[in-house]
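Only one structure is covered here, and it is reproduced in the block below.
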Amino acid sequence: MNIILLGAPFSGKGTLARKLTEDFGLVQISTGDLFRENIKNGTDVGMLAKSFMDKGQLVPDSVTVEMLKQRIAQKDCQKGFILDGFPRTIPQAEALKKIAEIDTVIQLDVPFDEIRRRALGRRTCSKCGEIYNTSTYDKPTCKKCGSPLFQRDDDNLETVNARLEVYANQTAPLIDFYAERLFVVKGQKDADATYQIVKNFLKGKI
Ligand code: ADP
Ligand code: ZN
């Protein structure tokens, strides 16, 4: 089963994707994580991506699509994958059609004022990638693996506002694009409640 998670930044896509990988044996593909990995390794793609990410803008489609294509071609993706953060534009969605079959599109629908509230509290584990929020967990180290938590470079108010604008203009049109295959979840509840709803929906599809 191949799934797309659609939603604004901080809507909870990453957290949901991680839970789904555990229960359904799917591979999580986060283009944001792939870019951050490239930045860490100092690749050309990473250097280019960083200049856009730091401003809250999208990395150009050609670069993003090529990177995704290579990731999907890897063997582990054959058992099914969850796309977290891709596609983010209509041209990316058109390109995806030629790369893979998609079974379901799940949209996490969270009001923008809730998103702004979450934005500045997000913390990410430097080792295992677990995501926390200071409103519910305000410690410097990861509950799962003990590694230090950090705040992403692009999790500041200015960049967050830019990312929300980019979402509204470039990504939200995908809701119509995928209208026939869309499952919408109100994502303002806690992460576990949201997950239960999605899990039940997907179980009905297997
Ligand atoms: P979030 O989970 O907060 O939505 P991501 O980690 O998915 O953020 O993405 C961080 C940044 O990486 C984006 O703001 C953008 O610059 C870049 N990026 C990630 N995915 C894509 C994509 N599909 N197309 C273009 N840029 C992307
Ligand atoms: Zn950790």
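In each ligand, atom 1 is the first atom listed, and ligand 1 is the first ligand listed. This chain uses plain numbering: 1 for the first residue, then up along the sequence. Small disclaimer: the values here were computed from a predicted structure and weren't measured.
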Exercise. Should we say atom CD of E165 is surrounded by more than 12 heavy atoms from elsewhere, each under 6.0 Å from it?
Worked result: no

Exercise. Side chain of R122, backbone of A119: donor and acceptor closer than 3.5 Å?
Worked result: no

Problem set entry | Where ligand 1 meets K13 - atom numbers and elements under 4.0 angstrom, heavy-atom basis | 4 (O)

Exercise. Which protein heavy atom lies closest to atom 4 (O) of ligand 1, and at what distance to 0.1 Å?
Worked result: R88 NH2, 2.9 Å

Exercise. Who gets closest to atom 15 (C) of ligand 1 by heavy atom: R122, Q57, R163, M67?
Worked result: Q57

For this session: Looking only at distances, please establish whether an N/O atom of ligand 1 is found under 3.5 Å from an N/O atom of S30.
Result: no

Exercise. Would you say ligand 1 has an N or O under 3.5 Å from any N or O of G56?
Worked result: no

For this session: Look only at the side chain of K13 and the backbone of G7, and say whether a donor-acceptor pair between them is shorter than 3.5 Å.
Result: yes

For this session: Under 4.0 Å from a heavy atom of Q92: give me the atoms of ligand 1 that qualify, with their elements.
Result: 22 (C), 23 (N), 24 (N), 25 (C)

Exercise. Considering only the protein, which heavy-atom contact is closest to atom 10 (C) of ligand 1, and what is its distance?
Worked result: R152 NH2, 3.6 Å

Exercise. When you measure from the side chain of Y178 to the backbone N and O of I4, does any donor-acceptor pair fall under 3.5 Å?
Worked result: no

Problem set entry | Proximal atoms of ligand 1 relative to P9 (non-hydrogen, under 4.0 Å) | 3 (O), 4 (O)

Exercise. Which of the atoms in ligand 1, numbered in the order shown and given with their element, are less than 4.0 Å from a heavy-atom of T64?
Worked result: 22 (C), 23 (N), 24 (N), 25 (C)

Seminar exercise, completed: Atoms of ligand 1 under 4.0 Å from any heavy atom of R36, numbered from 1 in the order shown, are 6 (O), 10 (C)

For this session: Return yes or no for this condition: an N or O of L58 is under 3.5 Å from an N or O of ligand 1.
Result: no

Problem set entry | Heavy-atom donor-acceptor pair, N38 side chain to L34 backbone, under 3.5 Å | yes

Exercise. Between L120 and Q151, which heavy-atom pair has the shortest distance, and what is it?
Worked result: O-NE2, 3.3 Å

Seminar exercise, completed: The closest protein heavy-atom partner of atom 17 (C) of ligand 1 is M53 CG, 3.7 Å

Exercise. Is it the case that more than 12 heavy atoms not belonging to N200 sit under 6.0 Å from its CG atom?
Worked result: yes

For this session: Starting from atom 20 (N) of ligand 1, locate the nearest protein heavy atom and write down its residue, its atom name and how far away it is, to 0.1 Å.
Result: T31 OG1, 2.7 Å

Problem set entry | Per-atom contacts, ligand 1 versus D154 - under 4.0 Å to a heavy atom | 10 (C)

Problem set entry | Backbone N/O of D103 and side chain of N2: donor-acceptor pair under 3.5 Å | no

For this session: Kindly say whether F10 contributes a backbone atom to a donor-acceptor pair with the side chain of R118 at under 3.5 angstrom?
Result: yes

For this session: Name the option, out of T159, L34, V59, D84, that contains the heavy atom nearest to atom 26 (N) of ligand 1.
Result: V59

Exercise. Less than 3.5 Å between some nitrogen or oxygen of D33 and one of ligand 1, yes or no?
Worked result: no

Exercise. Hey, is the main chain of D192 close enough, under 3.5 Å, to the side chain of D190 for a donor-acceptor pair?
Worked result: yes

